[in-house]
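In what follows, every chain begins at residue 1, and chains take the letters A, B, ... in the order their sequences are listed. Please read these numbers as outputs of a predicted model, since none were measured by experiment.
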Amino acid sequence: MISIIRTMWLTFLHMFHKRATIQYPEEKIKLPARWRGRIVLTRDPDMGERCVGCYLCAAACPVDCISLQATEDEHGRRYPEFFRINFSRCIFCGYCEEACPTYAIQLIPDFEMGEYNRQNLVYEKQDLLINSEGKYPGYNYYNVAGLAVKGKDKGEGANELAPVDVHSLLP
Amino acid sequence: MSPLLIVICVLGGLLLIAPGLIWVERRLLAVWQDRYGPNRAGPLGLLVVLADTLKLFFKEDWIPPFADRKVFVLAPAIVVITVLMSFVIVPFSPGIIVVDLNIGVLFFLAMSSMGAYSIILGGWASNNKYSLLGAMRGAAQMISYEVFMGLSLMGVVLITGSFSLHDIVEAQRNMWFIIPQFLGFIIFLIAGIAETHRLPFDIPEAESELIAGFHSEYSGMKFGMFFVGEYIGIMLISCMVTCLFLGGWLGPAFLPPIVWFALKMFAFIGLFILLRASLPRPRYDQLMEFGWKILLPLSILNLVVTAGIILWNES
Amino acid sequence: MAFYIASAIAILATIMVITRYNMIHALLYLVVSFLAVAVIFFMLGAPFMAALEVIIYAGAIVVLIIFVIMMLNLKEESVEQERKWFTRNIWIGPGILAFILLGELIYILVASDTVLLNNKVVDAKEVGLSLYGPYIVGVELSGLLLMAGIVGAYHLGRQKRKVLHRFLQSTEE
């Protein structure tokens with residue numbers, strides 16, 4: 001009996017407590033640093049696309065919301081022909097980011113993606129690509145990879161020795 | 001005032017306040033849960049009432065194919081009609097009462113016992129096992145608590161010597177009945193909450209176990225009737241408590257009687273909402289045990305002691 | 001006039017009670033019939049009786065009957081069965097007897113035109129005084145009957161406490 005009255009009194013006192021609600025559109029929430037929101041495709045420092053179209057993100061995606069088609073340019077540099085993310089299916093789990101070997105696909109803290117038309121939630125490559133290096137500034141995948149592309153031949157990358165000439169008899 | 005005008009005023013007032021209580025309840029609940037509640041539509045979110053009503057009106061009014069159509073339609077009407085009928089005998093202030101029946105309190109009890117039909121028939125006609133369970137719980141709960149409700153009132157009736165609510169309020173000029181009849185007041189309040197099946201006694205609905213119980217098959221305006229009926233029921237119980245134990249319209253003269261009545265009534269509506277905000281729902285058998293093993297002996301004791309004191313004073 | 005409307009409703013509702021195949025519908029008509037009877041009581045100057053009629057008969061007893069019927073979980077088949085049971089052979093006998101009674105009643109009403117509606121209002125106080133004055137024996141007897149009913153219900157409803165334990169699997173008295 002006393003405990004019931006005490007419960008009611010304590011509930012009544014909550015009237016004078018601070019509100020827990022954040023009045024959203026006027027007042028924004030403070031997001032944590034590692035917040036996983038909208039997915040973007042980042043670029044190299046030389047503004048080339050980082051994505052090499054390896055399909056690992058599409059394979060890792062638990063809801064199959066990523067679809068892409070890889071292709072090559074004339075210098076042997078791979079890039080996605082199209083890259084499509086259906087954000088009406090995306091669950092923002094971040095597995096694609098973890099799977100990406102080139103740090104191309106990244107999740108940024110933007111989450112305000114409300115749309116009236118569901119079709120507008122399907123993002124194409126031009127919507128996903130940003131002119132930024134994202135969370136890894138200065139990282140250039142082709143600079144650390146052994147592949148020869150335009151402007152960088154084999155052995156010219158960082159921490160890379162010149163390729164061994166197999167036809168030479170010299171040690 | 002002419003009787004017709006009073007009827008129109010009371011009916012209009014009730015049907016205006018009842019949806020307003022949706023807003024009041026949501027705001028108050030929010031306040032007690034450290035939230036804001038509806039505050040977007042209109043000033044202070046008041047237009048949420050309009051939005052809710054419109055939503056209910058335009059929802060599909062669906063009758064399940066397995067339901068008993070006639071009874072299914074009849075059930076929600078009963079709750080509104082019986083509760084509205086009960087307001088006939090409520091004296092809002094000296095002149096404002098529809099009919100001053102000499103069996104006023106009994107009329108209220110009769111109407112509240114008829115109100116049990118809406119739950120039973122609604123649950124039965126839905127032909128759904130959750131609804132049926134809700135209806136059976138509701139029936140048992142309402143019949144049981146009606147007994148204590150009637151018995152707890154009898155102390156007041158004994159002191160006044162009349163069933164008329166007008167006489168009962170007039171008899172409280174010197175002292176409100178909440179002081180001599182405190183036990184009766186508590187029992188009546190608990191029984192009243194159980195009669196309107198509000199939280200913490202919302203066992204017929206119990207959304208977490210019975211998916212809204214007796215009205216889980218209802219939609220649209222038929223559900224709206226149950227909804228409005230519940231809010232008018234809260235108002236009715238608040239009015240009755242005010243009349244029977246808190247001196248109705250009586251109060252210091254600086255406010256008109258009707259304002260005193262409204263103040264007391266809204267205080268009790270607030271209490272109802274506070275109960276909802278703070279207390280958990282008991283189990284069904286706990287509710288029954290509490291009723292029959294605690295409330296019934298207490299109310300009989302209250303009645304016997306009151307009668308004894310009255311006889312002592314007379315002799 | 002209001003008296004005739006109320007009585008007509010009461011009779012019609014009672015006929016509907018008898019002829020419905022669906023039990024719940026029949027009980028609903030029974031409630032209507034009780035309400036009509038309550039209105040008649042009210043008009044004949046017994047408001048207390050009217051209120052008690054609604055509270056006890058319509059509000060409690062029929063609710064309990066509906067409660068039991070709900071538990072029985074009657075379906076369409078039972079409606080069909082009722083329909084089969086309700087044959088001419090069943091109702092013709094009681095019907096004739098009731099009709100004879102009705103004839104007698106009408107004869108009495110027509111023959112002796114001393115039917116007067118005494119519009120003296122009998123309030124709760126008078127009912128109480130007569131119950132605890134001349135009819136005290138009846139009140140006490142019905143009290144005894146109800147007590148027996150309560151004790152019987154308790155006896156039927158009493159459950160032996162069952163001990164749910166592997167080694168103490170026994171029923172206590």
Q: What I'd like to find out is whether the side chain of B/M114 reaches to under 4.5 Å of the side chain of C/L35, using heavy atoms alone.
A: yes
Q: With a 4.5 angstrom heavy-atom cut-off, could you sort out which part of B/I120 is near chain C: side chain, backbone, both or neither?
A: both
Q: Considering only heavy atoms, which portion of C/V62 lies under 4.5 Å from any heavy atom of chain B: side chain, backbone, both, or neither?
A: both
Q: Can you tell me which portion of C/F42 sits under 4.5 Å from chain B's heavy atoms? Options are side chain, backbone, both or neither.
A: side chain
Q: Is it true that, when you exclude B/Y284 itself, more than 12 heavy atoms of the residues, nucleotides or ligands shown sit nearer than 6.0 Å to its OH?
A: yes
Q: So what's closer than 4.5 Å to chain C heavy atoms on B/A125: side chain, backbone, both or neither?
A: neither
Q: Can you establish whether the number of heavy atoms outside B/F223 located under 6.0 Å from its atom CZ is more than 12?
A: yes
Q: Indicate the atoms forming the closest heavy-atom contact of B/L109 with C/I55, along with that distance.
A: CB-CD1, 3.8 Å
Q: Quick check: closest heavy atoms across C/A51 and B/A110, and the distance to 0.1 Å?
A: O-CB, 4.3 Å
Q: With a 4.5 angstrom heavy-atom cut-off, could you sort out which part of C/I56 is near chain B: side chain, backbone, both or neither?
A: neither
Q: Please check if the side chain of B/Y117 supplies one atom and the backbone of C/A58 the other of a donor-acceptor pair under 3.5 Å.
A: yes
